[in-house]
Amino acid sequence: MRILLLVLLTSCSLYSTSKKSEIYKKVGFITHNGVGKYESYLQMNIFFAPVKKLFEDLDQDLYNSLSKKNARKEAHITVITPIEYRNILKPAGMSMDRINQIALEMNIQNSDFEIICLGKGEKIEQSTYFLVVESEDLLNIRRAIFKEFVKLGGKPSRFDPELFYPHITVGYTHRDLHLESDGVYKGMNSCWRKVQI
């Protein structure tokens, strides 16, 4: 195991990621409004370099077991999932244009967030690794989208803005695992190691 990864993953306090870390560097907003089943969603884009470095160190620590073929080329925190949009928000009349407008009005790319830990999710022999995040700002964007959803006639019981597990995917062995399809929660319950990046 590399000494650097050992330091990154075991020697820091659980809440120690410095706001001076490169991961907090501001990047531009990118819209995701496609025609495919999983191409419409809302995310906060994250500066990729420190996440890529964490992937490389973690992969070495795990004896090169992470998928390089499907390795991430960007980093983000999903705020509205493709399934939430396709199955709940869109049928109520909410467009991705309106969702993006709300996000931009609330300055999504300047949202504060805090990295809590390195999380791990598992299903059978597959694993996914991610940074567990807390962000009141991103939660407030979901709350604003919920208000718009209800105003359009959406049933409040269909969309819970508080059901939110913000995270930054680092890598996985086979494929990313999700709550909807795999039953993998990516909240504080999934904390696996302490991390500082």
[X] side chain near [Y] side chain, heavy-atom distance below 4.5 Å:
X    : Y    : result
H32  : Y38  : no
Y165 : L163 : yes
Y85  : Y41  : no
D160 : E162 : yes
W192 : V132 : no
D182 : R175 : yes
F55  : T169 : no
I80  : F159 : yes

Main-chain N/O of [Y] paired to [X] side chain as donor or acceptor, under 3.5 Å:
X    : Y    : result
S67  : T173 : no
H76  : E74  : no
Q109 : V27  : yes
K155 : G153 : no
D176 : G171 : no
R193 : K120 : no
D61  : D57  : no

So which heavy atom on [X] is nearest to which on [Y], and how close?
X    : Y    : answer
M96  : L42  : CE-N, 4.1 Å
P166 : I77  : CB-CG2, 3.8 Å
K68  : L66  : NZ-O, 2.9 Å
D137 : N110 : OD2-O, 4.4 Å
P156 : V150 : CG-CG2, 4.0 Å
S190 : F130 : OG-CE1, 3.2 Å

From [X] [atom1] over to [Y] [atom2], what is the distance, rounded to the nearest 0.5 angstrom?
X    : Y    : atom1 : atom2 : value
K90  : F149 : NZ    : CZ    : 15.0 Å
S65  : L58  : OG    : CG    : 7.5 Å
I141 : S135 : CD1   : OG    : 7.5 Å
N100 : T31  : CG    : OG1   : 5.5 Å
I115 : L54  : CD1   : CG    : 9.0 Å
R158 : L89  : CZ    : CG    : 9.5 Å

Can we say K53 and E56 salt-bridge, meaning some charged N sits less than 4.0 Å from an Asp/Glu carboxylate O?
-> no
Do the charged groups of K37 and E39 touch, with an N to O distance under 4.0 Å?
-> no
Are [X] and [Y] in one and the same hydrophobic cluster, where Ile, Leu, Val, Met, Phe, Trp and Tyr link if side-chain heavy atoms are under 4.5 Å apart?
X    : Y    : value
L177 : I83  : no
I99  : I102 : yes
L179 : L131 : no
V184 : V133 : no
F29  : L139 : yes

Does atom [atom1] ([X]) have a neighbourhood of more than 12 heavy atoms from anything else shown, all under 6.0 Å?
X    : atom1 : result
K26  : NZ    : yes
Y185 : OH    : no
E125 : CD    : no

Restricting to pairs with a member in residues 76-87, which pass salt bridge (charged side-chain N to carboxylate O under 4.0 Å, His left out), not counting sequence neighbours?
-> E84-R142
Are the aromatic rings of F47 and Y24 close, with centres under 6.0 Å apart?
-> no
Steps toward side chain to side chain contact (heavy atoms under 4.5 Å, CB included) verdict (R72, V51) = CA-CA 9 Å; R72 298 277 175 159; V51 179; over 6 Å; no
